[in-house]
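Letters A, B, ... are given to chains in the order of the sequence lines, protein chains preceding strands, and every chain is numbered from 1.
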Amino acid sequence: MFRTRFAPSPTGYMHIGNLRTALYAYLIAKKEHGQFILRIEDTDQNRNVPEALAAIYRGLALAGISYDEGPDKDGGFGPYVQSQRLPIYKEYAEKLLAGGHAYYCFCGKEDKPALEAANERVEGYRDPCRDLSPQQVEARIAEGIVPVVRQRVPMEGVSAFEDHVYGHIEIENKQLDDQVLLKSDGFPTYNFANVVDDHLMQISHVIRGQEYLSSTPKYNLLYEAFGWEHPEYIHLPHIIREDGAKMSKRKGDPSFEDLVRMGYLPQAIVNYVALLGWNPGDEREFFLMQDLIAAFDMDRINKANAAFSLDKLRWLNGEHIRSLSPETFHEISLPFYPQGLAEFDLAKISQLIQVRTETLTDIPKLVGFLAELPEYSADLFENQKSKSTRETSRRVLEAVAPMLESQEDWSNEALFELLKTFAQAQGLKVGTVMWPIRTALSGQETSPGGATELASLMRKEESLRRIRLGLNKLA
RNA sequence: GCCCCUAUUGUCUAGUGGUUAGGACGCAGCCCUUUCAAGGCUAAAACCCGGGUUCGAAUCCCGGUAGGGGCACCA
């Protein structure tokens with residue numbers, strides 16, 4: 001049975017890397033019809049942000065990642081919040097102590113500053129408390145010193161394991177340090193809690209960032225000490241910026257929710273992020289969640305870091321937008337429409353802009369001209385491609401204005417037919433006729449839709465008003 | 001400082017000893033066209049460097065270089 005977990009610490013918002021880790025863990029479980037578990041790693045009392053838990057729930061819901069077990073969804077392996085599992089860690093730490101796989105350490109944080117200067121570090125260094133006699137330990141405790149519990153890592157030997165992404169990893173034990181398992185405040189460290197919880201929650205595959213790659217041997221030593229089997233490992237490369245730097249909120253890199261606010265569809269973001277470090281082995285790039293579940297393969301995850309490109313996300317977002325039904329697109333567009341379009345048929349506008357929308361936040365500048373004709377220069381009436389000059393534009397508008405005035409059927413089709421026939425009769429290119437009309441109607445070099453589409457969108461009077469305005473500019 | 005990991009066009013990637021090194025984004029051009037998009041087509045653009053191994057290396061080995069990560073009572 002596949003059981004994976006997403007185990008964020010509630011320190012902030014859901015960033016892109018977190019989203020991908022959660023997604024991969026979800027995909028790996030669901031691919032095998034297994035369970036996906038949400039666990040909150042809040043063992044650092046100083047770093048808990050109250051808002052963060054809500055952000056995690058929001059992010060997962062937005063992404064379409066649902067968990068089978070979690071803080072608010074018991075599956076018999078709870079509690080799923082580490083701060084509520086303190087007695088469990090204590091119990092297991094005592095087992096380790098009893099078996100000699102851990103020891104009490106009485107050193108204060110201040111006792112180690114010299115060692116913390118990284119280049120002073122000696123390989124194979126072991127804490128002096130490692131060799132305290134039971135009597136010495138008792139004496140210290142009697143003094144009232146609150147100890148931490150440290151893992152007793154063998155000084156000799158080599159620890160090795162297989163990772164689904166990185167393959168064979170091998171580290172000499174002397175490179176590993178006697179890490180703290182239980183802090184003096186009674187909370188476990190991540191290094192301890194992850195092992196105890198993953199085992200107790202029967203996690204089969206651990207999916208996490210590659211920053212844990214070099215401490216995984218220490219975790220395996222812990223599994224061994226308990227006589228447990230360790231899970232399979234899938235360590236993930238990092239997502240970085242295009243300039244090679246780390247993603248950082250300070251540098252303005254957006255979180256998952258920021259991207260949604262920026263007009264990206266959650267499903268497009270999920271699709272994009274899935275492709276950052278993984279590919280299906282064929283040339284598909286467009287995926288919805290169900291397709292991802294079917295196609296995902298943890299053994300095809302890349303080892304190298306991947307740069308996050310807004311450009312490509314933008315394109316993929318466009319693909320997702322274009323794949324929406326007109327009704328769905330209209331529905332999600334509605335909140336992005338600016339004021340002043342009350343008299344328009346918004347559903348019709350949506351149809352026109354769907355294929356031209358890359359992010360939902362494009363919408364206001366796409367449709368703004370409808371509400372209010374922008375200020376524009378008569379130069380706009382000149383266009384090489386349509387063979388339009390100021391002169392042809394003026395003549396066309398002059399000729400067309402009365403025709404439109406007496407036109408009753410204001411549909412796109414009828415208008416197009418009328419103007420096309422006119423062009424042919426005059427021996428003009430269709431473009432030469434359409435260009436000045438479209439320009440006068442939009443006041444812009446480009447617009448979502450051509451002359452007759454814009455006209456049919458506007459009331460007849462407004463269309464004629466704008467055409468007369470254009471004519472004035474050309475007079 | 002020590003340890004671990006990584007390295008194909010600007011970016012995401014395919015590739016597991018013999019390929020004209022494939023695809024995608026972006027960029028440029030063309031076609032289509034009622035402007036712009038969308039769509040179609042075309043182009044430019046890559047195997048970090050140096051040694052091996054081999055008839056033959058992007059692919060295997062070694063050594064550099066560069067980048068990332070770890071060495072917390074943070075996760």
- Test of ring centre spacing under 6.0 Å for Tyr272(A) and Tyr264(A):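 For Tyr272(A) and Tyr264(A), the ring centres are not under 6.0 Å apart.
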
- Task: Find out whether Leu471(A) and Glu398(A) are in side-chain contact, i.e. whether some heavy atom of one side chain is under 4.5 Å from a heavy atom of the other.
- Result: yes

- Are the ring of Phe416(A) and the base ring of U34(B) both nearer than 5.5 Å at their centres and tilted by less than 30°? yes

Has [X] got a side-chain N or O lying under 4.0 Å from the OP1 or OP2 atom of [N]?
X	N	answer
Asn302(A)	A14(B)	yes
Asn305(A)	U6(B)	no
Lys246(A)	G69(B)	yes
Lys385(A)	C36(B)	yes
Lys183(A)	A75(B)	yes
Arg300(A)	G15(B)	yes
Thr189(A)	C74(B)	no

- Task: Could you tell me whether the side chain of Lys312(A) has a donor or acceptor atom within less than 3.5 Å of a complementary atom in the base of A24(B)?
- Result: yes

- Roughly how far apart, to the nearest Å, are G70(B) and C74(B) at atom C1'?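 Looking at atom C1' only, G70(B) and C74(B) are 13 Å apart.
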
- Query: Should the ring pair Tyr219(A) and Tyr190(A) be called parallel, tilted or perpendicular, given that the plane angle runs from 0 to 90° and is split at 30 and 60?
  - Reply: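 Taking Tyr190(A) first and then Tyr219(A), their aromatic rings stand perpendicular (interplane angle over 60°).
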
- Task: In sequence, state the C-alpha distance, the side-chain angles, and the governing distance for Glu162(A) and His168(A), and then conclude on side chain to side chain donor-acceptor pair (under 3.5 Å).
- Result: CA-CA 5 Å; Glu162(A) 299 298 321; His168(A) 186 77; 2.5 Å; yes

